[in-house]
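Comments concern the structure below.
We count ligands from 1, going down the list as the structure has it; atoms in each ligand are counted the same way. By convention here, the first residue in the shown sequence is residue 1.
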Amino acid sequence: MHEIRDEVAAFACRGREHSLPHAVYIAPATAHILIQKRTADISRTAAQHWIEPHAHGIYVKPADTWIDPSRPAERALVTHGHADHARSGHGAVWATPETLAIMALRYGTEMGTPVPYGEGFEHGGVKISFHPAGHVLGSAQILLEHAGERVVVTGDYKRRFDPTCTPFEPVACDVLITEATFGLPVFTHPPIEDEIAKLLAARAANVDGCIVVGAYALGKAQRVIAELRRAGYEAPIYIHGAMQKMCELYAAHNVPLGELIIATGLAKAELKGAIVIAPPSAMNDRWAQRLPEPVTAMASGWMRVRQRARQRNVELPLVISDHADWNELTDTLLELRPSETWITHGRTDALGRWCELHQLKARALDLVGREDEDEG
Ligand SMILES: [Zn+2]
Ligand SMILES: [Zn+2]
C-alpha cells in the first residue's frame, strides 16, 4: 500500500504547482472532501434531476430503472456479467445478448430483454442504448438520453485491443459516469504482448514443471488464452474445471480458444510443461498441490503493486488488466470532454483531482460493493 500512498501524495503535490483557483494543497486522505464540496457547483445541471447516484446503484428516475443495482430491483440495466454489476433476482433486465447468456450461465434461468450494441429503446421518456465497453464479452456502456442531455455510464471499460470482445467505442456525452479502478498515475498497464512473452519464457524455462496462471474466470481467463494463441502457442491449454462452461460460452460466441483440457484429475506427468489457467481462489488450495512443480503466475492489473504479488505468493506477476489504466482513463476524459464527470468506484479521489486540474467538473460517487480484487 505504501507505493500507492506515496503516489497519491506525489500527485496531490504536483497539483500544488498549478495556479488554478482550486489547486490548493490537499492531503490525500481529504481529497474526496474537496471534490464532494464542489458538487454544490454542479447540482444545478439537469442530469442531477433525473439521474440519482445511490450507494447501491444509479437510479434513472423517469424510467424508474436502476443501472447495475447491487440489490434486487424491479427494472435493471446491466452493463456486463461480472458479479459486482450483474446480480441475480431482478424483475426485468436489459443487457446485451452476451451478458444475458453469461447471467443465465451464472444464475440459472435468468430472463431478460437482449439489447444488441448500437440498438436502443425508450422507457419512461428516456432513450436507452448500449455501446461496446471493451471490458469483457458483452460488456456495454449505457447511453441515456433525456431532456436534451446525453449521459453515458461506462460500467467497467478498457481501451486496449482484446481479441475476446468488441472494442470500446467513445460516445459523446454531457455527463460521463466513469469507473476508476486503476485511477492512480502509478497504474500504467504494459503491452499485453510483453506479459504473454514473459509467460511463454517461464514455460520454456520450466519444462519439467508447469506454470499455473491465476485469472478471473469471466474475461481474464479467456483473454489470456486468446492472447497465447495470438502469440502462436498452439499446444493444449489446461484449465480448472470451474472455467469450462465460461470458456465454452466464449467459443460459442465466436471467440476461438483452441484446444482446452480440464486439468483436474490428471496425473502430474501429463501436466509437465503445461500452462494451466485457474481462478485465483484455487491457487493456494489442494487443487494446486496436485500440479507438478508449479510456478505461480497471476494475471491482474493489481500485479503492478509488488506487495500484492508477494502477499499472494505470486512468483510471476503478469500485469494484465481488463480495466482502463490511468492513461486510458484520462485520455478518454480529454477525448470526450464531458461537462461533468461522475466517478463511480475505484480511486475516485485521484481522478477527481486530475479533473479539477484540467478544468473538468468531477464528482465522486463511491458506489458500494464495486471492487472485486480478483477481477482487476
Ligand atoms: Zn467488470
Ligand atoms: Zn466492476
Next on the checklist: Holding to side-chain hydrogen bond (donor to acceptor under 3.5 Å, both in side chains), I want the full list of residues that pass it with T65, two or more places apart in sequence or in another chain.
Outcome noted: none
Next on the checklist: Just by distance, no angles: are the side chains of H323 and E179 close enough, under 3.5 Å, to form a donor-acceptor pair?
Outcome noted: yes
Next on the checklist: Given a threshold of 2.8 Å, state how many protein N/O/S atoms are nearer than that to the Zn ion (ligand 1).
Outcome noted: 5
Next on the checklist: Keeping H240 on the side-chain end and A242 on the backbone end, is there a donor-acceptor pair under 3.5 Å?
Outcome noted: yes
Next on the checklist: So if I apply the salt bridge (Lys or Arg N to Asp or Glu O under 4.0 Å) rule between D325 and each of R159, K158, R160, which one comes out positive?
Outcome noted: R160
Checklist outcome for this item: The remaining residues in the hydrophobic cluster of V207, counting side-chain heavy-atom contacts under 4.5 Å among Ile, Leu, Val, Met, Phe, Trp and Tyr, are none
Next on the checklist: Suppose we screen for side-chain hydrogen bond (donor to acceptor under 3.5 Å, both in side chains). Which residues come up paired with T164, at least two apart in sequence or across chains?
Outcome noted: D162
